[in-house]
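The next block holds one structure in the form of structure tokens; read it before the comments.
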Amino acid sequence: MANKMHPLGAPRAGYAWSASTREVDMAAAPAKPVPLRIAAAPQNITIDLRRSAMVVIDMQNDFCTEGGWVDSLGVDYTPDRKPIKPLQKLLPALRKAGVPVIWVNWGCRPDLANMPPNQMHLYKPTGTGVGLGDPVPGKGEPVLQKDTWPAAVVDELVQEPEDIKVDKYRISGFWDTPLDSILRNLGTRTVLFSGVNTDQCVMHSLTDANFLGYGCVMVEDCCATTSPDFCTEASVWNVKKCFGFVTDSGKILKALKK
């Protein structure tokens with residue numbers, strides 16, 4: 001049929017056009033909300049499962065695994081592994097509820113052509129030592145380079161085919177990446193945040209999301225850091241005070257079971 005309408009776009013939350021040879025319909029009705037009430041602080045929240053996404057940040061071998069970059073620096077990497085068990089339970093439940101899972105990871109270019117000097121200085125402040133793109137001692141593979149073992153997500157966390165993967169090149173997952181475009185095309189209004197490090201990549205991705213107008217929820221037990229405890233305390237306090245809400249995986253799972 002010449003006038004048969006065909007969908008265009010991401011229909012998950014109803015943000016889609018339909019088109020035929022004679023017509024384009026931009027007025028598709030939005031998908032009906034699927035509300036989920038979650039216990040949180042400083043207030044309880046109700047999110048729309050059809051307009052929410054789970055972002056998992058930097059759960060990578062270089063941060064979380066023996067023989068990775070952090071371990072090679074003599075830092076205790078084990079705190080960064082704390083999100084693994086709660087994420088193993090939470091991610092399948094969110095997928096089942098229709099919430100997309102988005103993995104946002106460092107994925108540096110081999111030539112570091114989009115990495116300015118200030119970012120290189122961040123991890124190699126004296127100009128010496130092992131920083132972005134340098135070989136990991138013992139492994140020989142470049143720190144956080146895309147498609148290498150150091151940049152891979154830890155084996156304990158399964159990335160399903162329907163999950164979305166985004167490379168990042170800064171502390172924030174939004175700067176110089178397609179993350180904002182992906183979320184908007186999915187019709188996302190609320191973003192759940194998890195991963196490492198709580199006070200760095202998680203926190204600054206969350207604050208950028210807040211500035212872009214998203215509702216932001218930190219899933220506290222699914223976040224971790226190797227920084228001192230006061231860094232986590234300050235991050236959680238600031239999220240509750242200025243940037244969004246804080247909950248945990250148990251509260252989300254409890255809400256989903258209802």
Side-chain angles (χ1 to χ4, degrees), residues 38-45 47 52-60 62-65 68-71 73-87 90 102-106 118-126 131-132 143-144 154 157 166 168-177 179-180 183 189-252:
I38 304 170
Q43 297 152 288
N44 295 330
I45 55 174
I47 68 172
S52 299
M54 176 60 151
V55 170
V56 187
I57 298 173
D58 291 354
M59 292 300 299
Q60 297 169 271
D62 257 349
F63 296 115
C64 307
T65 304
W69 181 32
V70 170
D71 183 35
L73 296 174
V75 177
D76 180 12
Y77 68 91
T78 57
D80 280 347
R81 297 182 61 80
K82 291 179 182 177
I84 292 176
K85 285 188 177 181
L87 284 171
L90 182 59
I102 305 176
W103 301 86
V104 180
N105 297 323
W106 283 94
N118 69 332
Q119 298 301 298
M120 303 296 291
H121 175 265
L122 175 65
Y123 295 114
K124 198 157 63 171
T126 66
L132 296 171
V143 170
L144 294 172
V154 296
L157 293 176
V166 176
K168 71 180 179 71
Y169 322 101
R170 303 290 189 274
I171 291 289
S172 170
F174 283 91
W175 191 260
D176 196 25
T177 79
L179 180 57
D180 183 42
L183 291 170
R189 295 293 178 266
T190 303
V191 184
L192 308 174
F193 284 92
S194 63
V196 298
N197 283 287
T198 307
D199 53 322
Q200 297 169 19
C201 294
V202 175
M203 184 65 179
H204 290 288
S205 298
L206 187 152
T207 55
D208 276 352
N210 172 271
F211 301 149
L212 288 164
Y214 295 98
C216 298
V217 183
M218 176 182 282
V219 187
E220 187 173 1
D221 65 325
C222 292
C223 301
T225 185
T226 55
S227 302
D229 289 345
F230 66 80
C231 296
T232 296
E233 293 168 7
S235 298
V236 171
W237 189 91
N238 273 308
V239 171
K240 291 190 286 187
K241 177 66 176 178
C242 302
F243 304 119
F245 306 89
V246 178
T247 188
D248 61 46
S249 63
K251 293 182 176 70
I252 298 173

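This structure is a prediction, so every number in the text was calculated from the model and none was measured.
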Start with the C-alpha gap between Leu90 and Leu192, add the side-chain angles, then the distance that decides, and say whether side-chain contact (heavy atoms from CB on, under 4.5 Å) holds. CA-CA 11 Å; Leu90 182 59; Leu192 308 174; 6.0 Å; no

With heavy-atom distances below 4.5 Å as the criterion, would you say the side chains of Met54 and Leu87 are in contact? yes

Student check: side-chain heavy atoms of Ile45 and Thr247 closer than 4.5 Å: no

If you take all heavy atoms of Ser249 and Val219, which pair is closest and at what distance? N-CG1, 3.6 Å

For Glu220 and Val246, work out which heavy atoms get closest and say how close. OE1-CG1, 3.5 Å

Does the side chain of Asp180 reach to within under 4.5 Å of the side chain of Tyr214, using non-hydrogen atoms? yes

For Leu206 and Val239, what are the C-alpha separation, side-chain angles and deciding distance, and is it a side-chain contact (heavy atoms from CB on, under 4.5 Å)? CA-CA 8 Å; Leu206 187 152; Val239 171; 4.1 Å; yes

Do Met59 and Val196 touch side chain to side chain, with heavy atoms closer than 4.5 Å? yes

Between Asp80 and Asn197, is any pair of side-chain heavy atoms under 4.5 Å apart? yes

When rounded to the nearest 0.5 angstrom, what distance separates CG in Asn105 from CD in Gln60? 4.0 Å

Sequence-distant partners of Arg170, side chain to side chain donor-acceptor pair (under 3.5 Å), two or more places apart: none

If we only count heavy atoms from C-beta on, is the Phe211 to Phe243 side-chain gap below 4.5 Å? yes

Smallest separation among heavy atoms of Cys222 and Ser194, with atom names: O-CB, 3.3 Å

Atom CG of Asp221 and atom CD1 of Ile252: how far apart are they, to the nearest 0.5 Å? 8.0 Å

Audit row: Leu144, Phe63, side-chain contact (heavy atoms from CB on, under 4.5 Å) steps and yes/no: CA-CA 9 Å; Leu144 294 172; Phe63 296 115; 3.8 Å; yes

Would you say that more than 12 heavy atoms from the other residues, nucleotides or ligands in this model lie under 6.0 Å from the NZ of Lys82, or not? no

Once side chain to side chain donor-acceptor pair (under 3.5 Å) is applied, do any residues pair with Asn118, and if so which ones, sequence neighbours excluded? none

Nearest non-hydrogen partners of Gln200 and Ser227, listed with the distance: NE2-OG, 3.3 Å

Measuring only between side-chain heavy atoms, which start at C-beta, is Val191 closer than 4.5 Å to Cys216? no

Roughly how far, to the nearest 0.5 Å, is CZ of Phe245 from CD1 of Ile38? 11.0 Å

Side-chain contact, heavy-atom cut-off 4.5 Å: Val143 with Tyr123? no

Apply side chain to side chain donor-acceptor pair (under 3.5 Å) to Trp69 and list each qualifying residue two or more places apart in sequence or on a separate chain. none

Yes or no on side-chain contact (heavy atoms from CB on, under 4.5 Å) for Leu212 and Leu183, after CA distance, side-chain angles and deciding distance? CA-CA 11 Å; Leu212 288 164; Leu183 291 170; over 6 Å; no

Using 0.5 Å steps for rounding, measure from the CE atom of Met203 to the CG atom of Asp208. 11.0 Å

For the CG atom on Asp229, are there more than 12 heavy atoms of other groups (residues, nucleotides or ligands in this structure) within a distance under 6.0 Å? no

Quick one: SG on Cys201 to CD1 on Ile57, what's the gap to the nearest 0.5 Å? 7.0 Å

Flag, side chain of Ser205 to backbone of Gly173, donor-acceptor distance under 3.5 Å: yes

Can you tell me how far the CE atom of Met218 sits from the CG atom of Asn238, to the nearest 0.5 Å? 9.5 Å

